[in-house]
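Worksheet: the structure to be examined is printed underneath.
Lettering follows sequence order; numbering is per chain, from 1. Since the structure is predicted, the reported quantities are computational estimates derived from the model, not experimental observations.
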Amino acid sequence: MALREGALRLNLLLNSRTFYKFNSSVGVRSLSEHVSSTPVTSSAPEIASDHLIYTQEHFALKESLRKIIDQEINPHVEQWEAEGIFPAHKVFKILGSAGFLGVNKPVEYGGLGLDYSYSVAVAEELGHIRCGGIPMAIGVQTDMTTPALARFGSAVLKQEFLLPSIMGDQVACLGVSEVGAGSDVSSIMTKAVRKGDEYVINGGKMWTTNGTQADWICLLANTSDGPPHRNKSLICVPMNLPGVQIARKIEKLGMWSSDTAEVFFDDVHVPCKNIIGQEGMGFTYQMLQFQEERLWAVANILTMMENVIQETIQYTKQRKIFKRPVLHNQSVHFRLAELQTEVELLRALLHSATALYIKGNDVTKLASMAKLKGGRLAREVGDSCLQFWGGMGFTSDVLVSRFYRDSRLMSIGGGADEVMLGIICKYMGTLPKN
Amino acid sequence: MSGRVLVGVKRVIDYAVKIRVKPDNSCVVTDGVKHSMNPFCEIAVEEAVKMKEKKLIKEVVVVSCGPQQAMETIRTALAMGADRGIHVEVTGKDYENLGPLQVSKIMAALAKKEDVLFVILGKQAIDDDCNQTGQMTAALLDWPQGTFASELSMEGDKIKVVREIDGGLETVKINTPAVITADLRLNTPRYATLPNIMKAKKKKIANVKPADLGVDITSRLEVLRVDEPPQREAGVKVETVDDLVARLKEAGRI
């Protein structure tokens, strides 16, 4: 069995184990080996034929992506979290070369033309990355900046921006939110005024994930005066154009490895051909992809929640208080059972919404419900598990404290809880008409 | 010969899983436990695919012996670039008792049937650590063997193998057809890319039974008991060599 340890690429083994070191005043505590983050009960392939949305190929995809995560991403997460940035070009190139950035994008531009269930499989697997920042950055690239371009962009535009983004040669970011407009997208102030065959852009964007590293930004701007839902357009803007200014990298509570920028546009000239689809349709295009964005976020956080619950079980199993494992207290194992139950419920909602969606149904209500629940459940999982980890959980050495910080964003970004509630009420017919 | 290469792959418990022994000490727990392709088998597949890409060989055929789940392992190899697969179906008690000798008989039969240029296997499996299948296969076929390969090259109709041995590296040149086993530093296996995973769906996996190949897989071995390794106990420090010798004598070790 000695070869079992030595045989593999050693760095992989060493980095998949974290050792808990305790400073203790009560006797000697045993060093505990971190058990593999794969839950013991991952027998997915045995039930591949029975799965609601996944086939053998989905599981093969997850396995291959997992290898990339284990070998190329997770070993560096601690460092990247500390540095406040991860090398997006390097990581995206690895993922792009393996085909994971264009799963449901057109084949002509390097994508795989697969249905959305494959994107959900990718999102779920990315949840094995030991932080929230990097999956978020990848999700922005694959499911926030490129869907409208893939669906409505001209061939020339797709060649220039979509193809390199799918191949992982270029990093994209999304310019929608502004300092004065977040949930109320229709009040954005950035303007793109037509002058000849160019747009001149003035304004600023906020909360731009990948902003400090991006090659281009998918920008939502006002291109005319008129009703706020019909006067906006999406424009592909290269980030190296004169007048584009990355004002600052924002320091945040969590998602540290993801660089978030505030960007200003000062008389930026961009050719008119860079507009995606029709002028005035920008708002509609963005709205069309919300279902996919929200389901993606849920898929991602599901895996993270499960991993945190599993790690909490492992930790509390070996951590003793009053001469017995913490896990043996009913308040602990019963609470973890409650949380796992809710994770399964959310997973069921995600998968059934996905199944309906790939058949062509509108799943706005279900996607909004899933996102709402995802954000709230993540806060409960983080809070309860952190409590069970005790003092150790409060340190920066463990996953649970990072999850606690990173996952708090889910109820805010990508559509705040309140927006989700408004959508659900609209479908329930309970929203007052003013 | 055909320019065809046979690659043997084994489905084993994933290297990162903590192994547990069943309470009745009959075997290790495999139900619900994550399995994957043996790492040395991955290296063997990668080498064969690389040689095909360099046009040194024409076809990569991958084979695995086991129950239905062995098909996943074959599919992973197909997604890495192998051309087609052979699933030798062995289930239940037969599978529990399947060891290097029986697998070698199967590999030998297939190697002859497929008229291969060479057979390449991982040097050993990380579950039983036997390091026997390659050698036994070569013996059954009376073919030359190049084991623990850290470098492979074709020289005409011979294969040059650089072997990792205790004393360093040994280079041998062997005739084809031959049997090679892959060691850790032979290559770094590629990730199965998503396009290749989708292409693998269309590749064929033939299903055969050992009896079809004229192989008798009854085992001559019986596992009596499986135990976990003893708990590691604390060590003792001594001051001088004399102390050390005295302690060892006390413990009955010398």
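Aromatic pair His351(A)/His51(A): centroids less than 6.0 angstrom apart. Here His58(A) and Tyr118(A) bring their ring centres to under 6.0 angstrom of each other.
With respect to Lys10(B), the side chain to side chain donor-acceptor pair (under 3.5 Å) criterion is satisfied by exactly one of Asn38(B), Asp127(B), Thr133(B): Asp127(B).
Contact of Leu112(A) with chain B is made through the side chain alone, with heavy-atom distances under 4.5 Å. There is no contact between Ala79(B) and chain A, counting heavy-atom distances below 4.5 Å. For Leu114(A), the part sitting under 4.5 Å from any heavy atom of chain B is the side chain, from C-beta outward, and nothing else.
Put simply, CD on Gln102(B) and CG on Asn97(B) are 7.5 Å apart, with the number rounded to the nearest 0.5 Å.
Note on Ser36(B), Pro229(B), Ala192(B): by heavy-atom pairs under 4.5 Å with chain A, the leading option is Ala192(B).
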